[in-house]
Student: 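Below is one structure. I have some questions about it.
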Amino acid sequence: MGSLLEHAPVDSEPEDEALRRRNTRLGYTLFALYFLTYAVFVGLNAFAPDVVARSVGGITVAVWYGLGLIGLAMVLAVLYAWLCHAPERQPRDDVT
Amino acid sequence: MIPQPSPLAVVVFLVFVLLTLGLSFYFGAKARSAASYFAAGGQIHWFVNGVAFAGDYLSAASFLGICGMLSRYGYDGFLYSIGFLAGWVVALFVIAEPLKRLGRYTFADALNSRFQSRGITLAAGVSALVVSVFYLIPQMVGAGSLIYPLLGLPHWLGVVIVGVVVTLIVTTAGMVSTTYVQFLKGSLLVVFSGVLTVLILLRGLTVDDRPEVNEPQIIVTQADGTVLVNGLPRGLDEGHADLRPVGSISRLPNGLWSTGPVTPWGYLQTLQQSEVVLWSEKTETSAGIKTQTFTPKPTPGTDILRPGLSPLFKDLRGDSLVAKLNFISLMLALFAGTASLPHVLIRYYTVKDQSAARLSTVVGIGTIGLFYVLTLFLGLGAMTSGTMDLSDSNMAAPLLARSFGDWLFAIISAIAFTTVLGTVSGLIVAASGAVVHDLLTGVARVPLNDHQKVRIGKLSSLVIGAISIVLGICFQGMNAGFLVGWAFSVAASANLPSLLMILFWRGTTKQGVAAAIFVGMLSSLGWILLSAETMQKVYGFPAEQAQNWAMVPFSQPGLVTIPLGFLTLILVSLATRSRNSLAT
């Protein structure tokens with residue numbers, strides 16, 4: 001596969017190992033949070049349809065939850081990008 | 001309904017297509033290297049790429065299909081939105097950065113970063129090709145459905161037009177032009193969906209108490225091909241009849257006649273307390289005569305704003321375990337499928353570094369999320385606007401736009417068309433990448449220099465374009481959403497287990513990966529082809545017979561075939577561990 005790798009470098013960023021691990025962990029945590037929320041949504045719709053049929057403030061739980069999942073995805077995405085960037089901007093104490 | 005093409009719509013439509021082609025040729029002149037053709041040289045700005053992600057992703061299924069499903073059946077269409085978007089979370093948090101770090105142009109590259117294996121390249125290349133083709137079919141079918149009402153041209157001609165235009169775009173310019181087409185399309189889609197949503201809210205909800213909204217409609221197709229609609233031969237002039245447009249409110253809360261302009265929350269709340277006339281469909285065939293009966297059913301708003309009214313999910317509220325498993329299976333496939341789509345994955349390589357990949361996915365999620373919230377209102381708006389075509393739910397959004405005037409109809413139809421153009425371009429580039437990089441260079445080891453790769457890439461684009469035209473014509477009439485569900489299930493079953501395990505498990509071996517891809521792909525394909533739904537819709541068997549002959553208990557394979565993919569990978573890796581694992 002050598003020939004595929006010799007074009008203009010696609011990833012030329014020298015990466016800090018600790019930073020990368022931290023970002024990855026952050027990613028998994030946020031993902032787990034979202035997955036759980038999604039799983040509960042699917043579970044309720046499958047096994048407790050009466051719950052999602054209830055009305056809160058004139059709108060069904062189903063609609064709230066659905067919009068909430070969309071909103072949560074957007075919020076988590078922005079949070080992730082922001083948190084991943086933050087340490088890169090701070091000065092490193094241990095660099096002499 | 002019989003199309004009544006508007007000249008304005010045609011003109012606007014042509015302007016959009018020419019603009020798209022123009023952009024494509026302009027950027028095409030700059031694409032000389034393989035790096036440029038297949039991955040835009042890694043130089044696309046993250047914001048452009050992010051909106052392009054949205055343009056790539058929001059296909060005919062999203063815009064036309066989901067709105068259509070929402071307008072006919074309510075909340076069930078929204079389930080697809082939720083599932084589709086949730087898949088992006090997987091893409092961002094689990095896949096984006098590792099993938100960017102690993103690969104060059106294709107999904108197979110990413111998998112091969114740790115092994116140098118022709119087996120994996122073959123499996124991944126074939127998988128990318130199969131999934132791309134399955135995803136292409138609903139787009140082409142959607143194109144045909146769009147062209148017919150817009151221009152009055154027959155379905156197959158619509159498919160041919162799309163195929164030709166896209167092939168032109170892709171063979172001349174590759175990834176750079178598709179990126180800018182996607183960017184343009186993504187932006188327009190969101191902006192005009194926003195405009196339509198505002199108009200829907202300003203219009204509010206009004207009761208429609210004309211007697212004909214409560215009368216069933218019947219289409220009879222006789223053995224010799226003649227069609228009768230509501231008893232009269234189909235046609236627009238005297239003595240003929242056409243399907244009446246539908247979609248109305250039978251009762252508003254508090255005896256109100258019309259709400260006037262409302263807020264988004266007000267719209268949902270009011271709808272929930274109203275009664276809307278939905279339509280059910282029954283098809284019977286006997287002695288060569290097909291009778292489709294559409295029956296109006298006033299339905300309370302509370303019923304509409306929760307899942308369970310569409311044929312796909314109709315037993316969800318009851319006790320059937322199979323129905324619930326089917327539902328879970330689909331939601332799982334949607335969740336897992338996004339990150340596994342080859343034409344999405346390939347876009348990770350078009351930005352310059354990981355940080356850009358991350359940022360572009362964030363922009364993508366924001367754009368797509370916003371769009372799905374808007375489509376909720378578009379779908380519900382179409383449901384209550386009296387414009388729905390019972391014979392083709394794919395036209396819900398454009399026909400709704402038409403009720404606000406010809407200009408909006410023209411623009412929305414043109415956007416829907418460029419939607420198809422954009423998605424199909426991306427798919428064809430991904431598929432041709434699979435052919436050149438994976439199958440030819442990687443597996444067959446055909447030595448190609450850069451220039452040859454681009455030439456062959458363009459040739460593959462041509463061939464794949466032609467194949468997709470033919471398939472789009474063959475699958476006419478099938479629901480775009482259903483077909484996209486296929487692609488997602490296959491993508492998730494074939495690609496996701498390998499992607500994840502390579503990232504997380506050191507015991508993964510190259511045989512494990514290759515096996516997992518093949519098993520996932522073949523099992524999900526097989527499951528789909530043997531399901532009751534396929535028997536009924538593709539092979540054409542009547543419903544009961546399809547149920548009896550179906551060899552699988554429910555139609556959506558994800559719940560079974562995704563874990564199967566993981567299991568295969570684990571077992572085969574363990575079996576070949578001593579020789580090959582990452583740990584040695």
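Protein chains get the first letters and strands the later ones, always in sequence-line order, with residue 1 at the start of each. Treat the numbers as computed from the prediction; the structure is a model and nothing was measured.
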Student: Name the region of A/Y34, side chain, backbone, both or neither, that has any atom closer than 4.5 Å to a heavy atom of chain B.
Tutor: side chain
Student: Please classify the contact between B/L79 and chain A as side chain, backbone, both or neither, with a heavy-atom cut-off of under 4.5 Å.
Tutor: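 Contact with chain A: side chain only.
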Student: Looking only at heavy atoms and a cut-off of under 4.5 Å, which of B/M331, B/Q272, B/R317, B/Q273 has the most pairs with chain A?
Tutor: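 Most pairs with chain A among the choices: B/Q272.
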Student: If every non-hydrogen atom of B/P307 is compared with every non-hydrogen atom of A/V52, which pair is closest and at what distance?
Tutor: CD-CG2, 4.5 Å
Student: Could you look at B/I368 and say if it's the side chain, the backbone, both or neither that has a heavy atom under 4.5 Å from chain A?
Tutor: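 For B/I368, there is no contact with chain A at all, as no heavy atom is under 4.5 Å.
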Student: Just verifying a value: how many Å separate B/L334 CG and B/L85 CG, rounded to the nearest 0.5 Å?
Tutor: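 One gets 11.5 Å once the value is rounded to the nearest 0.5 Å.
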Student: Is it the case that the side chain of B/W88 and the backbone of B/G364 share a donor-acceptor pair, with hydrogens and angles ignored and the cut-off at 3.5 Å?
Tutor: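 Pair absent, no side-chain N/O of B/W88 close to backbone of B/G364.
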Student: To the closest 0.5 Å, what do you measure between CD (B/Q269) and OG1 (A/T60)?
Tutor: 11.0 Å
Student: Pick whichever of A/V42, A/D50, A/L72 has the most heavy-atom pairs under 4.5 Å with chain B.
Tutor: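 It is A/V42.
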Student: Below 4.5 Å from any heavy atom of chain A, which atoms of B/V90 appear? Answer side chain, backbone, both or neither.
Tutor: both
Student: In Å, rounded to the nearest 0.5 Å, how long is the span from CZ of B/F53 to OG1 of B/T367?
Tutor: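 Reported value, rounded in 0.5 Å steps: 11.0 Å.
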